Number of protein chains: 2
Amino acid sequence: MPLKRIADSTVRRLSLYLRFLEEFENAGLTTVSSDELAARGGTTSAQVRKDLSFFGSFGKRGLGYQVAELTQSMRRILGLERDWRVIIVGIGKIGSALAQYEGFQQRGFRVVGLYDSDPAKIGREVYNLPVLPIEAIAEDNRERPVDIAVIAVPASAAQRVVDQVVAAGITGIMSFAPIQLHVPADVTLNTVNMAMELERLSFALSNRE
Amino acid sequence: MPLKRIADSTVRRLSLYLRFLEEFENAGLTTVSSDELAARGGTTSAQVRKDLSFFGSFGKRGLGYQVAELTQSMRRILGLERDWRVIIVGIGKIGSALAQYEGFQQRGFRVVGLYDSDPAKIGREVYNLPVLPIEAIAEDNRERPVDIAVIAVPASAAQRVVDQVVAAGITGIMSFAPIQLHVPADVTLNTVNMAMELERLSFALSNRE
DNA sequence: GGGGGCTTGTGAATTCATTCACAAGATAGG
DNA sequence: CCTATCTTGTGAATGAATTCACAAGCCCCC
């Protein structure tokens with residue numbers, strides 16, 4: 001559907017809009033204007049309309065957008081109308097926090113497998129799922145393909161684990177490891193680096209007038 | 001030091017460069033070129049030089065940069081030469097994972113307090129720190145000021161908790177709550193929204209050619 | 001000490017993103 | 001049916017970030 005490449009900043013905002021639309025929907029509103037969406041998200045109405053315009057025409061002039069309809073369009077655009085099969089690799093503190101995080105399940109990210117390399121952890125149950133050895137990923141993925149692997153292992157192991165995940169044929173990766181990872185071009189990688197986020201905050205705090 | 005406003009993308013890259021420089025330093029390299037830094041970070045040498053040029057002149061023409069010297073400059077620019085006093089509010093799965101995350105301590109982010117509103121959690125020790133009631137933040141901050149509050153409470157409580165933290169006089173906030181928070185202009189807020197990050201991945205996976 | 005080979009630092013050019021501004025619809029009310 | 005009032009969708013204008021391209025500086029070696 002998107003004719004040209006969509007900017008990352010646009011996708012982030014779409015995600016925000018979806019959140020606001022869900023709020024509006026829960027509040028019982030049936031109609032919303034670009035101005036109201038913009039106010040809620042700290043941006044401008046022109047920005048909202050431009051963002052949407054990359055994907056089509058969703059509103060009625062003079063009237064605004066139907067909340068339910070736009071919500072559904074956002075979901076479709078973001079690829080949230082389907083379920084995603086997710087595995088978590090690295091069942092430490094962060095991994096197990098993610099395993100039980102309801103925000104994921106709610107949006108259709110189904111955690112279907114937990115993996116670790118530590119023999120002490122393998123076999124344990126975490127939130128109704130057994131922890132399996134990392135070596136099992138390849139075969140498990142053959143039997144029942146996985147869409148996304150969440151990487152929550154220490155920095156020192158992350159690239160090796162990513163290589164294994166890629167070799168197993170998984171092409172979507174979400175990493176929480178605080179390092180720069182390398183993947184082939186046909187694999188989509190998204191990294192959340194908390195250390196970097198704190199450094200950004202540190203910079204901002206250090207440079208306030 | 002920065003003459004004009006520095007782009008967020010620039011700060012993110014500085015953070016990356018610092019990480020690479022530390023790798024190079026550990027590997028025993030004493031000198032590095034903008035080309036080598038760029039290759040490591042998936043950017044261009046011109047980008048590296050432009051990023052650095054906002055803050056001064058750090059290299060020698062024909063030779064490159066002294067690794068140790070540039071590392072230190074990056075630390076200074078990012079505000080990492082000092083320690084930051086950090087509290088964590090919300091000692092659930094994510095909060096306690098963050099409390100023990102070594103990546104934070106390593107870069108001078110000292111966790112000095114844990115707070116929660118759940119009476120069942122208050123009083124417990126988590127990694128050598130007692131969990132205190134949220135109401136205590138204001139007085140604790142008066143006695144010994146805190147630089148950064150990490151917010152790891154559920155979405156439904158996040159804005160209220162942020163208001164309390166702001167009222168207590170803390171002006172740096174790092175939030176992991178999956179909602180848009182509002183703070184006064186003199187408070188610096190940085191949000192990591194994991195749900196949004198997964199949606200970004202979902203979008204990317206849905207729109208591969 | 002002068003020439004050749006590197007690599008930085010930086011204006012200029014280009015590309016990308018946001019904002020402006022307004023015509024084109026849409027509704028409602030007389 | 002016509003007018004007044006909204007609000008969208010979108011080219012054009014502006015503004016921001018990245019890339020280009022090259023002069024300036026530094027080192028080494030002959």
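Chain letters run A, B, ... following the sequence lines, proteins first, then strands; residues in each count from 1. Here the structure is a predicted model, which is why all the values come from computation and not from measurement.
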Atom-to-atom span, [atom1] of [X] to [atom2] of [N] - whole angstrom:
{"X": "B:F58", "N": "C:dG9", "atom1": "CZ", "atom2": "P", "answer": "8 Å"}
{"X": "B:L37", "N": "C:dT7", "atom1": "CG", "atom2": "P", "answer": "13 Å"}
{"X": "A:D51", "N": "D:dT8", "atom1": "CG", "atom2": "P", "answer": "13 Å"}
{"X": "A:I6", "N": "C:dC16", "atom1": "CD1", "atom2": "P", "answer": "13 Å"}
{"X": "A:L63", "N": "C:dG25", "atom1": "CG", "atom2": "C1'", "answer": "11 Å"}
{"X": "B:E36", "N": "C:dC6", "atom1": "CD", "atom2": "C1'", "answer": "12 Å"}
{"X": "B:D8", "N": "C:dC16", "atom1": "CG", "atom2": "C1'", "answer": "17 Å"}
{"X": "A:K60", "N": "C:dA28", "atom1": "NZ", "atom2": "C1'", "answer": "16 Å"}

Does [X] place a side-chain N or O at less than 4.0 Å from the phosphate oxygens OP1/OP2 of [N]?
{"X": "B:S34", "N": "C:dT8", "answer": "yes"}
{"X": "A:S45", "N": "D:dT7", "answer": "no"}
{"X": "A:Y65", "N": "C:dA26", "answer": "no"}
{"X": "A:Q47", "N": "C:dT19", "answer": "yes"}

Starting from the 5' end of DNA chain C, give me the residue, B:V32 or A:T43, whose nearest nucleotide shows up first. B:V32
Among the candidates [options], find the nucleotide nearest to the side-chain atoms of [X].
{"X": "A:R49", "options": "C:dC22, C:dG11, C:dT8", "answer": "C:dC22"}
{"X": "B:S33", "options": "C:dA17, C:dT18, C:dT7", "answer": "C:dT7"}
{"X": "B:S57", "options": "D:dG9, C:dA12, C:dG9", "answer": "C:dG9"}
{"X": "B:T44", "options": "D:dT8, C:dT10, D:dT19", "answer": "D:dT19"}

Return the [atom1] to [atom2] distance between [X] and [Y], rounded to the nearest 0.5 Å.
{"X": "B:I91", "Y": "B:D116", "atom1": "CD1", "atom2": "CG", "value": "6.0 Å"}
{"X": "B:E143", "Y": "B:D140", "atom1": "CD", "atom2": "CG", "value": "6.0 Å"}
{"X": "B:S202", "Y": "A:N190", "atom1": "OG", "atom2": "CG", "value": "11.0 Å"}

Assess the side chains of B:R13 and B:T43: does a donor N or O sit below 3.5 Å from an acceptor N or O? no
Side chains of A:N26 and A:E22: any donor to acceptor distance under 3.5 Å? no
Heavy-atom donor-acceptor pair, B:R61 side-chain to C:dT7 base, under 3.5 Å: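 Check fails, no donor-acceptor contact within cut-off.
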